[in-house]
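Some notes on the structure that comes next.
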Amino acid sequence: MSTAEAPAAFELTDLVVRYGKVRAVDGVSISSPPGRITALLGPNGAGKSSLLGVLSTASRPASGHVRVFGHDVLTAPVAARRRLGLVFQERTLDKELSVERNLWFHARLFGMQRSDARARIDLMLDLFELTDRRRQPVEDLSGGLARRVEIARALLHRPNLLILDEPTNGLDPTARAAVWADLLRLRDRLGVTVLYSTHYMDEAEYADEIVILRKGRVVRQGSLGSLKSSLDSSRIVVSCADDDAAARQLRTAGFEPLHEPGGVAVHCADPESRIADVVRALDVPGLTVAVHHPSMNDVYLAAAVEHESPGLAPGDHREQPGLPHEHRQERMSTQ
Ligand SMILES: Nc1ncnc2c1ncn2[C@@H]1O[C@H](COP(=O)(O)OP(=O)(O)OP(=O)(O)O)[C@@H](O)[C@H]1O
(Lines give C-alpha, C1' and ligand atoms only; values in the text may rest on other atoms or scores of the structure.)
Protein backbone atom coordinates (compact mmCIF):
# COMPACT_ATOMS: atom_id res chain seq x y z
CA MET A 1 0.00 0.00 0.00
CA SER A 2 1.47 3.39 -0.92
CA THR A 3 1.76 6.15 1.66
CA ALA A 4 -1.04 8.01 -0.09
CA GLU A 5 -3.38 5.07 0.48
CA ALA A 6 -2.36 4.35 4.07
CA PRO A 7 -5.28 4.84 6.46
CA ALA A 8 -5.14 7.48 9.16
CA ALA A 9 -4.02 6.23 12.58
CA PHE A 10 -7.30 7.57 13.88
CA GLU A 11 -10.11 9.39 12.17
CA LEU A 12 -13.14 10.93 13.88
CA THR A 13 -15.87 12.30 11.64
CA ASP A 14 -18.72 14.42 13.07
CA LEU A 15 -18.47 12.59 16.37
CA VAL A 16 -21.29 13.21 18.84
CA VAL A 17 -21.30 11.69 22.34
CA ARG A 18 -24.33 12.25 24.57
CA TYR A 19 -25.20 11.55 28.17
CA GLY A 20 -28.94 12.16 28.26
CA LYS A 21 -29.35 15.76 27.19
CA VAL A 22 -25.65 16.61 27.62
CA ARG A 23 -23.73 16.67 24.33
CA ALA A 24 -20.30 15.87 25.78
CA VAL A 25 -18.77 15.75 22.28
CA ASP A 26 -20.61 17.89 19.78
CA GLY A 27 -19.58 17.22 16.17
CA VAL A 28 -15.80 16.72 16.36
CA SER A 29 -13.81 15.77 13.25
CA ILE A 30 -10.09 15.18 13.77
CA SER A 31 -7.54 12.71 12.42
CA SER A 32 -3.84 11.90 12.50
CA PRO A 33 -1.44 10.19 10.11
CA PRO A 34 0.60 7.37 11.66
CA GLY A 35 3.65 8.20 13.76
CA ARG A 36 2.52 11.56 15.08
CA ILE A 37 1.68 12.86 18.54
CA THR A 38 -1.61 14.67 19.13
CA ALA A 39 -2.54 16.50 22.34
CA LEU A 40 -6.12 17.06 23.44
CA LEU A 41 -6.57 20.08 25.68
CA GLY A 42 -9.59 21.71 27.23
CA PRO A 43 -11.09 22.65 30.59
CA ASN A 44 -12.80 20.12 32.87
CA GLY A 45 -15.90 18.82 31.14
CA ALA A 46 -14.72 19.82 27.63
CA GLY A 47 -15.31 16.27 26.38
CA LYS A 48 -11.75 14.89 26.22
CA SER A 49 -12.41 11.65 28.13
CA SER A 50 -15.72 11.12 26.31
CA LEU A 51 -13.94 11.38 22.96
CA LEU A 52 -11.16 9.02 24.06
CA GLY A 53 -13.78 6.62 25.45
CA VAL A 54 -15.35 6.15 22.00
CA LEU A 55 -12.00 5.93 20.26
CA SER A 56 -10.91 3.24 22.71
CA THR A 57 -14.14 1.26 22.01
CA ALA A 58 -15.20 1.61 25.66
CA SER A 59 -18.35 3.59 24.83
CA ARG A 60 -20.64 4.18 21.86
CA PRO A 61 -21.21 7.49 20.09
CA ALA A 62 -24.64 8.98 19.46
CA SER A 63 -23.55 9.60 15.86
CA GLY A 64 -20.50 10.02 13.67
CA HIS A 65 -17.74 7.68 12.53
CA VAL A 66 -14.58 6.63 14.31
CA ARG A 67 -11.86 4.58 12.63
CA VAL A 68 -8.58 3.21 13.96
CA PHE A 69 -6.17 2.39 11.13
CA GLY A 70 -9.22 2.02 8.89
CA HIS A 71 -11.19 -0.20 11.32
CA ASP A 72 -14.56 1.20 12.34
CA VAL A 73 -14.84 1.00 16.14
CA LEU A 74 -18.54 0.08 15.91
CA THR A 75 -18.50 -2.50 13.14
CA ALA A 76 -14.98 -3.92 13.73
CA PRO A 77 -14.24 -3.28 17.42
CA VAL A 78 -11.93 -6.27 17.87
CA ALA A 79 -9.71 -5.31 14.92
CA ALA A 80 -9.67 -1.69 16.14
CA ARG A 81 -8.80 -2.77 19.69
CA ARG A 82 -5.82 -4.82 18.57
CA ARG A 83 -4.29 -1.65 17.10
CA LEU A 84 -4.87 0.27 20.34
CA GLY A 85 -2.85 0.59 23.53
CA LEU A 86 -4.76 2.26 26.36
CA VAL A 87 -3.60 4.08 29.47
CA PHE A 88 -6.51 5.33 31.55
CA GLN A 89 -6.68 8.13 34.09
CA GLU A 90 -7.27 5.64 36.90
CA ARG A 91 -4.48 3.28 37.91
CA THR A 92 -5.34 -0.22 36.68
CA LEU A 93 -2.35 -2.35 37.69
CA ASP A 94 -2.74 -5.14 40.22
CA LYS A 95 -0.75 -3.62 43.08
CA GLU A 96 0.03 -6.88 44.83
CA LEU A 97 1.56 -8.49 41.76
CA SER A 98 5.06 -7.89 40.45
CA VAL A 99 5.74 -5.70 37.45
CA GLU A 100 6.41 -8.79 35.35
CA ARG A 101 3.22 -10.62 36.43
CA ASN A 102 1.15 -7.59 35.49
CA LEU A 103 2.65 -7.67 32.03
CA TRP A 104 2.11 -11.44 31.74
CA PHE A 105 -1.61 -11.07 32.47
CA HIS A 106 -1.96 -8.51 29.72
CA ALA A 107 -0.08 -10.75 27.26
CA ARG A 108 -2.46 -13.64 28.10
CA LEU A 109 -5.46 -11.37 27.67
CA PHE A 110 -4.33 -10.58 24.15
CA GLY A 111 -3.63 -14.25 23.38
CA MET A 112 0.10 -13.77 22.85
CA GLN A 113 2.23 -16.91 22.46
CA ARG A 114 4.40 -17.68 25.49
CA SER A 115 7.73 -17.18 23.72
CA ASP A 116 6.54 -14.04 21.98
CA ALA A 117 5.21 -12.63 25.26
CA ARG A 118 8.48 -13.38 27.04
CA ALA A 119 10.55 -11.60 24.37
CA ARG A 120 8.16 -8.69 24.23
CA ILE A 121 8.10 -8.27 28.04
CA ASP A 122 11.91 -8.23 28.09
CA LEU A 123 11.92 -5.60 25.34
CA MET A 124 9.36 -3.39 27.10
CA LEU A 125 11.13 -3.65 30.45
CA ASP A 126 14.34 -2.66 28.71
CA LEU A 127 12.74 0.19 26.74
CA PHE A 128 11.18 1.63 29.89
CA GLU A 129 14.28 1.00 32.03
CA LEU A 130 12.32 -1.30 34.34
CA THR A 131 14.39 -4.49 33.99
CA ASP A 132 15.79 -4.35 37.53
CA ARG A 133 12.27 -3.78 38.89
CA ARG A 134 10.67 -6.76 37.18
CA ARG A 135 10.13 -8.77 40.36
CA GLN A 136 9.10 -5.84 42.53
CA PRO A 137 5.43 -5.63 43.59
CA VAL A 138 3.74 -2.65 41.94
CA GLU A 139 2.71 -1.30 45.35
CA ASP A 140 6.41 -0.67 46.11
CA LEU A 141 6.87 1.56 43.06
CA SER A 142 6.60 5.34 42.95
CA GLY A 143 3.66 6.83 41.04
CA GLY A 144 5.95 7.71 38.15
CA LEU A 145 7.39 4.20 37.82
CA ALA A 146 3.92 2.63 38.09
CA ARG A 147 2.75 4.87 35.25
CA ARG A 148 5.65 3.71 33.11
CA VAL A 149 4.70 0.10 33.82
CA GLU A 150 1.17 0.92 32.61
CA ILE A 151 2.52 2.40 29.38
CA ALA A 152 4.84 -0.60 28.88
CA ARG A 153 1.87 -2.91 29.45
CA ALA A 154 -0.30 -0.98 26.98
CA LEU A 155 2.35 -1.52 24.29
CA LEU A 156 2.91 -5.21 24.86
CA HIS A 157 0.64 -6.48 22.06
CA ARG A 158 2.28 -4.15 19.49
CA PRO A 159 -0.49 -1.58 19.10
CA ASN A 160 0.11 1.20 16.60
CA LEU A 161 -1.92 3.84 18.42
CA LEU A 162 -1.35 4.65 22.08
CA ILE A 163 -4.16 6.55 23.81
CA LEU A 164 -3.45 8.13 27.18
CA ASP A 165 -5.98 10.03 29.28
CA GLU A 166 -4.03 12.53 31.41
CA PRO A 167 -0.98 10.24 31.63
CA THR A 168 1.03 12.34 34.07
CA ASN A 169 -1.76 13.52 36.33
CA GLY A 170 -0.50 13.60 39.92
CA LEU A 171 3.15 12.93 39.06
CA ASP A 172 6.02 15.13 40.23
CA PRO A 173 8.01 17.05 37.58
CA THR A 174 10.84 14.49 37.46
CA ALA A 175 8.43 11.59 36.95
CA ARG A 176 6.53 13.58 34.32
CA ALA A 177 9.76 14.25 32.43
CA ALA A 178 10.62 10.53 32.55
CA VAL A 179 7.21 9.54 31.16
CA TRP A 180 7.64 12.04 28.35
CA ALA A 181 11.13 10.83 27.53
CA ASP A 182 9.54 7.35 27.15
CA LEU A 183 6.73 8.57 24.92
CA LEU A 184 9.03 10.50 22.60
CA ARG A 185 11.34 7.49 22.36
CA LEU A 186 8.37 5.32 21.42
CA ARG A 187 7.38 7.60 18.62
CA ASP A 188 10.94 7.92 17.34
CA ARG A 189 11.99 4.27 17.67
CA LEU A 190 8.77 2.35 17.09
CA GLY A 191 6.73 4.88 15.10
CA VAL A 192 3.82 4.58 17.54
CA THR A 193 1.08 7.18 17.07
CA VAL A 194 0.18 8.87 20.36
CA LEU A 195 -3.03 10.67 21.34
CA TYR A 196 -3.20 12.05 24.86
CA SER A 197 -5.22 14.47 26.96
CA THR A 198 -3.59 16.81 29.43
CA HIS A 199 -4.12 19.89 31.54
CA TYR A 200 -0.39 20.71 31.51
CA MET A 201 0.45 23.33 28.90
CA ASP A 202 4.15 22.41 28.85
CA GLU A 203 3.17 18.84 27.93
CA ALA A 204 1.07 20.06 25.00
CA GLU A 205 4.32 21.33 23.52
CA TYR A 206 5.52 17.77 22.88
CA ALA A 207 2.72 17.24 20.37
CA ASP A 208 2.95 17.57 16.59
CA GLU A 209 -0.72 18.58 16.57
CA ILE A 210 -2.70 20.28 19.33
CA VAL A 211 -6.49 20.19 19.55
CA ILE A 212 -8.28 22.43 22.06
CA LEU A 213 -11.81 21.38 22.94
CA ARG A 214 -14.40 23.49 24.65
CA LYS A 215 -17.95 22.38 25.43
CA GLY A 216 -17.52 19.38 23.16
CA ARG A 217 -16.28 21.34 20.14
CA VAL A 218 -12.88 22.00 18.60
CA VAL A 219 -12.01 25.65 19.19
CA ARG A 220 -8.34 25.57 18.11
CA GLN A 221 -6.30 23.08 16.14
CA GLY A 222 -2.82 23.07 14.64
CA SER A 223 0.87 22.73 15.35
CA LEU A 224 2.33 24.63 18.29
CA GLY A 225 4.01 27.05 15.87
CA SER A 226 0.86 27.78 13.88
CA LEU A 227 -1.24 28.24 17.03
CA LYS A 228 1.29 30.65 18.48
CA SER A 229 1.67 32.66 15.31
CA SER A 230 -2.11 32.91 14.86
CA LEU A 231 -2.22 34.63 18.24
CA ASP A 232 -0.24 37.64 17.07
CA SER A 233 0.78 38.67 20.59
CA SER A 234 4.54 38.99 20.22
CA ARG A 235 5.62 42.17 21.93
CA ILE A 236 8.38 44.31 23.43
CA VAL A 237 7.83 44.94 27.13
CA VAL A 238 9.44 48.02 28.63
CA SER A 239 9.69 48.50 32.38
CA CYS A 240 11.17 51.45 34.22
CA ALA A 241 10.61 53.70 37.24
CA ASP A 242 7.86 55.66 35.42
CA ASP A 243 5.68 53.52 33.14
CA ASP A 244 3.31 56.41 32.38
CA ALA A 245 6.19 58.52 31.08
CA ALA A 246 7.43 55.58 28.98
CA ALA A 247 3.96 55.11 27.48
CA ARG A 248 3.77 58.86 26.63
CA GLN A 249 7.17 58.83 24.95
CA LEU A 250 6.32 55.72 22.97
CA ARG A 251 3.06 57.28 21.75
CA THR A 252 4.95 60.40 20.69
CA ALA A 253 7.29 58.17 18.64
CA GLY A 254 4.29 56.63 16.86
CA PHE A 255 3.92 53.36 18.83
CA GLU A 256 0.67 52.13 20.41
CA PRO A 257 1.76 51.10 23.92
CA LEU A 258 -0.46 49.08 26.25
CA HIS A 259 -0.01 48.82 30.00
CA GLU A 260 0.41 45.28 31.34
CA PRO A 261 1.49 43.91 34.74
CA GLY A 262 5.20 43.81 33.82
CA GLY A 263 5.33 47.34 32.36
CA VAL A 264 4.35 48.81 29.01
CA ALA A 265 4.00 46.63 25.90
CA VAL A 266 4.45 47.42 22.23
CA HIS A 267 2.87 44.68 20.10
CA CYS A 268 4.54 43.85 16.79
CA ALA A 269 4.99 40.80 14.58
CA ASP A 270 8.81 40.89 14.72
CA PRO A 271 9.81 42.44 18.07
CA GLU A 272 13.53 41.77 17.60
CA SER A 273 13.62 44.14 14.62
CA ARG A 274 11.90 46.98 16.52
CA ILE A 275 13.80 46.93 19.83
CA ALA A 276 16.34 49.57 18.74
CA ASP A 277 13.51 51.97 17.69
CA VAL A 278 11.72 51.45 21.02
CA VAL A 279 14.87 52.10 23.06
CA ARG A 280 15.66 55.21 20.99
CA ALA A 281 12.18 56.59 21.75
CA LEU A 282 12.69 56.38 25.52
CA ASP A 283 14.41 58.64 28.01
CA VAL A 284 13.34 57.18 31.37
CA PRO A 285 15.20 56.04 34.51
CA GLY A 286 15.93 52.33 35.20
CA LEU A 287 14.91 51.10 31.76
CA THR A 288 14.76 47.36 31.02
CA VAL A 289 13.48 45.94 27.75
CA ALA A 290 12.35 42.36 27.05
CA VAL A 291 10.89 40.51 24.08
CA HIS A 292 7.88 38.22 24.67
CA HIS A 293 6.57 35.65 22.24
CA PRO A 294 3.26 33.87 22.92
CA SER A 295 3.42 30.66 24.94
CA MET A 296 1.14 27.63 24.79
CA ASN A 297 -0.52 29.02 27.89
CA ASP A 298 -1.29 32.24 25.99
CA VAL A 299 -2.83 30.21 23.14
CA TYR A 300 -5.01 28.27 25.57
CA LEU A 301 -6.15 31.34 27.49
CA ALA A 302 -6.89 33.29 24.32
CA ALA A 303 -9.11 30.43 23.13
CA ALA A 304 -10.86 30.42 26.51
CA VAL A 305 -11.44 34.19 26.44
CA GLU A 306 -12.75 34.13 22.89
CA HIS A 307 -15.30 31.50 23.71
CA GLU A 308 -16.28 32.84 27.13
CA SER A 309 -16.91 36.49 26.30
CA PRO A 310 -17.92 37.08 22.70
CA GLY A 311 -19.04 40.53 21.67
CA LEU A 312 -16.00 42.71 22.33
CA ALA A 313 -15.46 44.92 19.34
CA PRO A 314 -12.00 45.26 17.78
CA GLY A 315 -9.95 47.69 19.83
CA ASP A 316 -12.49 47.62 22.63
CA HIS A 317 -10.44 48.05 25.83
CA ARG A 318 -13.22 47.42 28.37
CA GLU A 319 -12.26 45.42 31.42
CA GLN A 320 -12.85 41.68 31.19
CA PRO A 321 -13.37 40.50 34.76
CA GLY A 322 -11.43 37.52 36.01
CA LEU A 323 -8.72 37.61 33.36
CA PRO A 324 -5.15 38.72 33.75
CA HIS A 325 -4.54 42.07 32.10
CA GLU A 326 -2.04 40.48 29.72
CA HIS A 327 -4.70 38.26 28.21
CA ARG A 328 -7.22 41.05 27.87
CA GLN A 329 -4.69 42.64 25.55
CA GLU A 330 -4.27 39.41 23.63
CA ARG A 331 -8.01 39.09 23.27
CA MET A 332 -7.99 42.49 21.59
CA SER A 333 -4.98 41.68 19.45
CA THR A 334 -6.59 38.53 18.06
CA GLN A 335 -9.66 40.31 16.71
N1 LIG B 1 -21.00 9.05 32.66
C2 LIG B 1 -21.48 10.29 32.49
N3 LIG B 1 -22.78 10.57 32.72
C4 LIG B 1 -23.26 11.80 32.53
N5 LIG B 1 -22.53 12.85 32.12
C6 LIG B 1 -21.23 12.64 31.88
C7 LIG B 1 -20.64 11.36 32.06
N8 LIG B 1 -19.33 11.45 31.75
C9 LIG B 1 -19.10 12.73 31.39
N10 LIG B 1 -20.24 13.45 31.48
C11 LIG B 1 -20.40 14.87 31.14
O12 LIG B 1 -19.93 15.04 29.81
C13 LIG B 1 -19.20 16.25 29.69
C14 LIG B 1 -17.79 15.95 29.21
O15 LIG B 1 -17.11 15.23 30.23
P16 LIG B 1 -15.66 14.59 30.02
O17 LIG B 1 -15.33 13.81 31.24
O18 LIG B 1 -15.63 13.90 28.71
O19 LIG B 1 -14.76 15.90 29.95
P20 LIG B 1 -13.17 16.04 30.13
O21 LIG B 1 -12.75 17.09 29.16
O22 LIG B 1 -12.53 14.72 30.02
O23 LIG B 1 -13.05 16.59 31.60
P24 LIG B 1 -11.81 16.40 32.66
O25 LIG B 1 -10.71 17.28 32.18
O26 LIG B 1 -12.41 16.88 33.94
O27 LIG B 1 -11.44 14.93 32.68
C28 LIG B 1 -19.26 16.93 31.06
O29 LIG B 1 -20.35 17.82 31.05
C30 LIG B 1 -19.52 15.77 32.00
O31 LIG B 1 -20.21 16.21 33.15
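Whatever order the structure lists ligands and atoms in, that order sets their numbers, starting from 1.
Checking S197 against E166 by side-chain atom types alone, no donor-acceptor pair falls below 3.5 Å. Between S226 and S223, the side chains place a donor N or O and an acceptor N or O closer than 3.5 Å (distance only, hydrogens not considered). Y19 and S50 share a donor-acceptor pair across their side chains, judged by distance under 3.5 Å alone.
Of the protein's non-hydrogen atoms, S49 CB, 3.9 Å is the one closest to atom 17 (O) of ligand 1. N44 ND2, 2.9 Å is the protein heavy atom nearest to atom 26 (O) of ligand 1. Nearest to atom 12 (O) of ligand 1 among the protein's heavy atoms is A24 CB, 3.3 Å. Of the protein's non-hydrogen atoms, S50 OG, 3.7 Å is the one closest to atom 16 (P) of ligand 1. In this structure, atom 3 (N) of ligand 1 lies nearest to the protein heavy atom Y19 CD2, 3.6 Å. Given atom 14 (C) of ligand 1, the protein heavy atom at minimum distance is G45 O, 3.4 Å.
When K21, R23, K48 are ranked by how near their heavy atoms come to atom 21 (O) of ligand 1, first place goes to K48.
Not close to ligand 1: S197, with no non-hydrogen atom less than 4.0 angstrom away. Contact between G47 and ligand 1 is present, with at least one heavy atom of the residue lying under 4.0 Å from the ligand.
Residue E272 qualifies as enclosed at atom CD: its count of foreign heavy atoms under 6.0 Å is above 12. Heavy atoms of other residues, nucleotides or ligands lying less than 6.0 angstrom from CZ of R83 number more than 12. Within a 6.0 Å sphere centred on CZ of R185, other residues, nucleotides and ligands contribute more than 12 heavy atoms. More than 12 heavy atoms of other residues, nucleotides or ligands sit less than 6.0 Å from atom CZ of R187. Applying the 6.0 Å contact sphere to CZ of R134 captures more than 12 heavy atoms from other residues, nucleotides or ligands.
Residue E166 approaches ligand 1 through these ligand atoms, each under 4.0 Å from one of its heavy atoms: 25 (O), 27 (O). Applying the 4.0 Å criterion to heavy atoms of Q89 picks out, from ligand 1, the atoms 27 (O). Residue-ligand proximity, H199 to ligand 1, at heavy-atom distances under 4.0 Å covers atoms 25 (O). Interface of P43 with ligand 1, defined as ligand atoms under 4.0 Å from a residue heavy atom, comprises 21 (O).
Counting heavy atoms from C-beta on, the side chains of L184 and Y206 come closer than 4.5 Å.
For atom 19 (O) of ligand 1, the nearest protein heavy atom is under 4.0 Å away. Per-atom contact check: atom 30 (C) of ligand 1 does not touch the protein, criterion being a heavy-atom distance below 4.0 Å.
Remark: side-chain polar atoms of R135 are not paired, donor with acceptor, to backbone N or O of E100 under 3.5 angstrom.
Taking only nitrogen or oxygen atoms, main chain and side chain alike, V22 does not reach within less than 3.5 Å of ligand 1. Note: an N/O pair closer than 3.5 Å links A46 and ligand 1 by distance alone.
W180 and Y200 have their aromatic ring centers separated by at least 6.0 angstrom.
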